[in-house]
Amino acid sequence: MGLQVEKLENGMARLTIEVPAEELEKAIEGAYQKNKNKISVPGFRKGKAPRKMLEQMYGKGLFYEDAANALIPDAYEAAYEECEEEIVSSPKIDVIQLEAGQPFIFTAEVALKPQVTLGKYKGIQVEKAVTEVSEEEVNAEIDIERDKNGRTVDVTDRPVKEKDIATIDFEGFVDGVAFEGGKGTDHPLTIGSHAFIPGFEEALVGAEIGKEVDVNVTFPEEYQAEELAGKAAVFKCTVKRLQERLLPELDDDFVGEVSDKSDTVEEYREEIRSKLADRKAQEAKAAKEEKVIEAIIADAQMDIPQAMIETQQRQMVQEYAQRLQYQGISFKQYMQFTGLTREDLMEQVKPQVMRRIQSRLILEAVAEAEKLEATEEEIDEELKKMSEAYGISAEEAESSLGANGRRQIKEDICVRKAAELVAESAEEV
């Protein structure tokens, strides 16, 4: 295989890849063998017509497209490995020469990893995060645990109050006319959850079971349904059922049921305080690292190729589609529900993609400047963690990452070390 690399403007490059004529011939023959049973020729049983006859009947390029599609992935992969430049985008493929008896030549236009000029990256000043735990936070965490162990009971002897679960029928009107999507039956609504537009749930406080009540609200100016945005509306609502959560008493018996470490309420409060302190410390560490990286990005210079951004956008949208699939929702269904297109999602994720790219480039540059390395032991430890997480052997974990898996792990470790270095050197003020 032959490879030529031509650098273009805006961080792009064109790889010209040449595949020997004999490999092209094998691919054409393979395409013939794959497709011959699909072609009918008078006087021959399906699959028995010679290749030359088919090429004479339908043109000598009959199998060229399938042959090219078979050759390009492996040829590009080989060129990717051989290329000394670091490629950071999916390739844009163009076929230059495709003819039996001649080398197969195609080009791949790709983005190259941009150069980064670092500014200041050590001793960055960041605001110190508050990690003290208040009594209110301890009480709130305990209430969450109490709610987990609570029970829901029906209420029949009083009107609606905050935190109740009301089952309601409702219909909305604007200027006396019912509007589409404004009607619901047997809808469960937790008062104070802010699931409905502002003012709706508050207006239900005091409503009596079985009696219709008018709820007067105004749709937000930026409401998703443009025909309702900013409009005053009246919802006629009936509370059909009312329920409340009864929480267990905070006593030693409750503590004994929910904690393996504490026996008394005071011990439990200290346990919760310690857990919250650990959580806050981790959150503060992550926030500090985030602020430091933001400051380094702002003081650095880099020109990110558009193709690199688009490749990352497509990858992020695909990751989101996979997460939806795990939840039992197809990507097509999601787009129908939301009215969004793939292009809309690409645009939505762009800020996050830019942040991801900038952070990675910055930390790779820091790792290079500081000559940070990953040892073989550290790489093996990462593979061990992967194998334990997925219930496979370390060898299987490494194999699943492909040919460049070990190198990728090494780079990830160096990036993590760079993040720790800049965060630890920062000054909290």
Side-chain angles (χ1 to χ4, degrees), residues 1-35 55 60-117 302-315 318 353 356-357 360-361 363-365 367-368 373-374 379 398-415:
M1 186 198 75
L3 171 65
Q4 291 181 345
V5 181
E6 176 189 0
K7 289 191 177 181
L8 308 173
E9 295 180 346
N10 301 318
M12 302 296 289
R14 182 183 294 114
L15 312 184
T16 300
I17 303 164
E18 183 175 315
V19 179
E22 53 268 26
E23 290 190 29
L24 174 59
E25 173 56 32
K26 289 179 183 177
I28 294 173
E29 178 63 22
Y32 160 68
Q33 295 295 336
K34 177 183 176 182
N35 292 289
E55 290 173 336
K60 66 177 183 178
L62 176 61
F63 302 111
Y64 282 4
E65 184 176 349
D66 282 353
N69 291 336
L71 286 172
I72 287 172
D74 289 343
Y76 174 75
E77 184 66 26
Y80 178 91
E81 292 297 323
E82 183 180 332
C83 182
E84 295 180 358
E85 302 290 342
E86 190 165 351
I87 297 169
V88 292
S89 75
S90 301
K92 180 183 177 183
I93 302 294
D94 281 314
V95 174
I96 305 301
Q97 178 174 285
L98 178 54
E99 184 177 351
Q102 299 293 324
F104 170 46
I105 302 174
F106 68 96
T107 62
E109 194 168 308
V110 294
L112 301 181
K113 180 180 176 180
Q115 293 293 317
V116 175
T117 302
M302 62 186 112
D303 293 321
I304 303 173
Q306 184 63 27
M308 181 182 187
I309 298 169
E310 291 172 357
T311 295
Q312 292 276 350
Q313 285 175 286
R314 287 192 293 271
Q315 180 179 333
Q318 183 60 36
V353 162
R356 178 191 283 187
I357 292 173
R360 182 78 184 195
L361 290 173
L363 293 174
E364 287 177 348
E368 183 178 352
E373 295 289 343
I379 297 172
E398 183 172 355
S399 176
S400 69
L401 295 173
N404 299 314
R406 200 168 183 86
R407 185 182 71 188
Q408 185 62 55
I409 292 175
K410 181 178 180 179
E411 292 175 357
D412 290 346
I413 292 172
C414 291
V415 163

* To do: Calculate, to the nearest 0.5 Å, the distance between atoms CD1 and CG belonging to I304 and L361 respectively.
  => 6.0 Å

* Asked: Any side-chain heavy atom of Q306 within less than 4.5 Å of one from N10?
  -> no

* Kindly indicate, with the supporting measurements, whether the criterion side-chain contact (heavy atoms from CB on, under 4.5 Å) is fulfilled by I72 and I17. => CA-CA 9 Å; I72 287 172; I17 303 164; over 6 Å; no

* To do: Look up atom CZ in R314 and atom CD in Q312, then write down how far apart they are to the nearest 0.5 Å.
  => 10.0 Å

* How would you list all residue pairs meeting salt bridge (charged side-chain N to carboxylate O under 4.0 Å, His left out) that involve residues 10-24, not counting sequence neighbours? -> E6-R14

* **Contacts of Q4 that satisfy side-chain contact (heavy atoms from CB on, under 4.5 Å) - sequence neighbours left out** => T16

* Does S89 reach the side chain of V110, with side-chain heavy atoms less than 4.5 Å apart? -> yes

* **Nearest-0.5 Å distance that lies between atom OH in Y32 and atom CG in D66** => 14.5 Å

* Stepwise side-chain contact (heavy atoms from CB on, under 4.5 Å) test for I93 and T107 -> CA-CA 6 Å; I93 302 294; T107 62; over 6 Å; no

* Structure fact -> What one should report as the nearest heavy-atom pair of M308 and A111 is N-CB, 3.9 Å

* With A27, which residues qualify under side-chain contact (heavy atoms from CB on, under 4.5 Å), at least two apart? -> A67, L71

* Asked: Is E85 atom CD crowded by more than 12 heavy atoms from other residues, nucleotides or ligands, each under 6.0 Å away?
  -> yes

* Structure fact -> Residues passing the side chain to side chain donor-acceptor pair (under 3.5 Å) test with K410, sequence neighbours excluded, are none

* Structure fact -> side chain to side chain donor-acceptor pair (under 3.5 Å) filter on E373, not counting sequence neighbours, yields none

* Check: P103 main-chain N/O paired with Q97 side-chain donor or acceptor under 3.5 Å -> yes

* All side-chain contact (heavy atoms from CB on, under 4.5 Å) counterparts of S400, not counting sequence neighbours -> none

* Compare every heavy atom of C414 with every heavy atom of A367, then report the nearest pair and how far apart it is. => CB-O, 3.9 Å

* Sequence neighbours excluded - ring pair (Phe, Tyr, Trp, His ring centres under 6.0 Å) pairs with any residue from residues 64-114 -> F104-F106

* To do: Kindly state each residue pair satisfying salt bridge (charged side-chain N to carboxylate O under 4.0 Å, His left out) with at least one member in residues 86-109, sequence neighbours excluded.
  => K60-E99, E86-K113

* **Exceeds 12 heavy-atom contacts within 6.0 angstrom, atom CD of Q115** => no

* Qualifying ring pair (Phe, Tyr, Trp, His ring centres under 6.0 Å) pairs with a residue from residues 9-30, counting only residues at least two apart or across chains -> none

* Asked: With Q33, which residues qualify under side chain to side chain donor-acceptor pair (under 3.5 Å), at least two apart?
  -> E29, K36

* Asked: So, for V353 and I309, which heavy atoms are closest and what is the spacing to 0.1 Å?
  -> CG1-O, 3.8 Å

* Atom CG in L15, atom CD in E82: separation rounded to 0.5 Å? -> 10.0 Å

* To do: Locate the shortest heavy-atom distance separating G405 from L401; write the atom from each residue and the value.
  => CA-CB, 3.5 Å

* By side chain to side chain donor-acceptor pair (under 3.5 Å) - contacts of R360 (at least two apart) -> E364, D412

* To do: Drop me the distance from L112's CG to L8's CG, to the nearest 0.5 angstrom.
  => 8.5 Å

* Under 3.5 Å donor-acceptor, T311 side chain and S90 backbone -> yes

* To do: Could you pull out all residues at least two apart from Q318 that satisfy side-chain contact (heavy atoms from CB on, under 4.5 Å)?
  => Q322

* To do: Would you mind reporting whether L24 and L98 have side-chain heavy atoms less than 4.5 Å apart?
  => yes

